[in-house]
Amino acid sequence: MLLGTVLVLLLFSAAPASAHAALRTTDPDDGSVVRQAPRSVTLTFTESVGLLDDSFRVFGPDQRRVHTGEATHADGRSDTARVGLPGKLAQGTYTVAWRVVSADSHPVSGAFSFSVGKRSATTTQIDTGPDEDPLTGGLYDAARYLAYLAAALLVGAAAFALLCRPADRSPLRRPLVTAWWTMLGSTVVLLLLRAPYEAGAGPAAAFDASALARTLTGRPGKALLARLAVLLLTAVFLVWLSRSRESRESRDRREPVALAAGTALAVGLALTWAAAEHASAGIQVPLAMTSSVLHLLATGVWLGGLVALLLTLRRSSGEDLTEVVPRFSRIAFASVTVLVVTGVYQSWRGLGSVSALSGTSYGRLLLAKLVAVTALVLAAGYSRRWTARLAAPATARPVAVRERVAQPVGAPPPPEATAEPGTRDAEEPEQPEAPAPELGDGDGNADVRRRGLRRSVLIEVAVAAVVLLITTLLTTTLPGRAQAEAAQQAPVGALPPTTLVTVPYDTGLDSLTGRGTVQVTVDPGRVGENGIQAVVHGSDGGPITVPEVRITFTLSSKKVGPIDAELTDVGYWTTNSVNLPLPGTWTMKTTVRVSDVDQVTVSKQVRIVS
């Protein structure tokens, strides 16, 4: 049912922007040839981005890194990134590798190229550096998962104590303390690893003071600092609860205040996630953040509450459980309802289309989460059956047994024993039958029920850990909607592939220009607009000037062509607007004229891909 609801929403969804920044435009354009060297490189994204100390790496035609200025936002716009270039750039192709942090806290990166004057006659791919250090990424993801587990346990155990009101809360102290310290430790680790995670560096960079200072001024860093502040307030709150030695009546009067304070702290804790992850960027941000907070709180109340229930089942008496377990069952049902509603909305927001379910990593992870949640709901239904059985003794109504009191001889019968018309004689009153023993009323059967409920809850806890693991992976995966949007934007890959063809020619003249080679570059060698550069080399291997170079393309299998490239002499022969409309093996005819009457035409095969 949940999967069906998601599919229905996806079929009727509309789509613009979403979490994870996508590159919208570049200046200079990707793959363009500019006559004059630009003074800067500017990128425009689909959402606001954060800049790093090393957001830009520019490589020249010789594949050496070009010295650049500091990365800034162009014209004060948070969705742009700009870096200054040196005053003089040599002719050739330049590769720009970039890395920024999107508004949802995840780093994104890519590369593009442009050429000054002419394209470099090379197909060598430039190493623009790793996107992410594997060790840093693994440690960061592990800390995120521990933070999710700790948050669920902390919120769930506290909610269980305040809402289900077990008589003995001592079994909950250790999980609350463990969850608090785990969250504190994971938050500190996340804060230290944030800078190397953003920069794609190793864990050793975590101790760079300048990088840590930059982290503390960014949105993710501020969210982690806020989480630490909330944790400190939570510690004060937990100490206040644990030191209370009041009577049950006084505690009942104080619990509304404790419940209000606990709710405020839980909401503040959930906001530290919602304000720095997928919900904080893209479409419908206020609604998305509200949904994210409710989703996180419902997850904690249900899954953390399961652990609290499991511990309570081991320590509490059967009489106490007949009140506590039904209360948690009702709370868990409400939590599942909230999870379904918010989960469907977040799935629609992240996917964007039905095809993204199977066509993206985000969609496949979401399908795995839906399967795990379905298993969790089935296990919860099984637990509810044990809950009903365990609560049965509390609902049994004892039947009053009338005792026969001896009366003196000759005394009148008691009023209640007076015979009515149609009844037995008052001297022989009917003896009431004792009620038949109900299944489970005995201590042995109650123990069986508790053990059955413990087993089912333990299964729920194990499946819940898997659900939280998949959730952690989802928060670090590019949403399907963002992936589709990025694919529609300007290309953001490495240096575009080119086809370099060396064409030897021989006019029969015994001169420097009479024979030699023409190096022809077809860029990018794909269907559509292509750029052509032809550099003529003489018999000594050096570049020479000739009166004319003409290139045509013919696709004989489709009877297309010849298409004249219409080259222009700019010191070498070039054009940027040859439209090759179909994929296939084209015949490229290169004509080299070295004098008014001497020329030669050479044919070469060139592969054009779709």
Side-chain angles (χ1 to χ4, degrees), residues 19-23 43 45 47-57 71 78 81 97-111 127-151 182-228 231 272-282 292 361-362 365 468-479 482-483 486 492:
H20 274 16
L23 181 61
L43 309 182
F45 296 89
E47 65 181 41
S48 61
V49 295
L51 303 179
L52 308 171
D53 291 339
D54 202 27
S55 274
F56 286 94
R57 299 189 301 278
S78 61
W98 53 268
R99 186 180 182 90
V100 296
V101 181
S102 58
D104 62 355
S105 81
H106 298 295
V108 290
S109 59
D127 182 11
T128 57
D131 290 338
E132 179 181 284
D133 183 83
L135 181 56
T136 300
L139 292 174
Y140 194 84
D141 290 341
R144 286 169 57 87
Y145 179 59
L146 286 176
Y148 273 118
L149 283 177
T182 302
M183 180 168 289
L184 179 66
S186 61
T187 302
V188 171
V189 171
L190 289 172
L191 198 60
L192 292 174
L193 288 179
R194 184 67 207 177
Y197 173 70
E198 291 178 347
F207 303 101
D208 184 349
S210 61
L212 180 60
R214 188 186 68 246
T215 295
L216 298 179
T217 60
R219 180 191 292 185
K222 291 178 180 178
L224 291 171
L225 285 177
R227 188 178 303 169
L228 289 176
L231 280 175
T272 64
W273 270 279
E277 294 191 350
H278 288 166
S280 64
S292 179
S361 298
Y362 185 89
L365 279 173
L468 286 178
L469 175 61
I470 299 174
T471 300
T472 305
L473 295 175
L474 276 172
T475 59
T476 59
T477 303
L478 179 67
Q483 183 172 331
V492 291

Nearest 0.5 Å, what's the CG-OG distance between L193 and S186?
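Nearest 0.5 Å value for the CG-OG distance: 11.5 Å.
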
Nearest 0.5 angstrom please: T217 OG1 to L212 CG, how far?
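Output value for this atom pair is 10.0 Å.
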
Flag the pair [X] / [Y] as yes when at least one side-chain heavy-atom distance between them is below 4.5 Å, and no otherwise.
X: Y197; Y: L190; value: no
X: V100; Y: L51; value: yes
X: V189; Y: Y140; value: no

Where [X] and [Y] come nearest, the two heavy atoms and their spacing:
X: L191; Y: T215; answer: O-CG2, 4.0 Å
X: L228; Y: T187; answer: CD2-CG2, 3.6 Å
X: F56; Y: A71; answer: CD1-CB, 3.9 Å
X: M183; Y: A147; answer: CE-O, 3.5 Å
X: P196; Y: G202; answer: CB-O, 3.4 Å

Check: L216 main-chain N/O paired with R194 side-chain donor or acceptor under 3.5 Å:
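Between the backbone of L216 and the side chain of R194 there is no qualifying donor-acceptor contact (under 3.5 Å).
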
With distance as the sole test, does S109 use its side chain to make a donor-acceptor pair with the main-chain N or O of W98 at under 3.5 Å?
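Such a contact is absent between S109 side chain and W98 backbone.
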
Cationic tip of R144 within the cone over W273's six-membered ring, i.e. under 6.0 Å and within 45° of the normal?
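The answer is no; the distance or angle limit is not met.
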
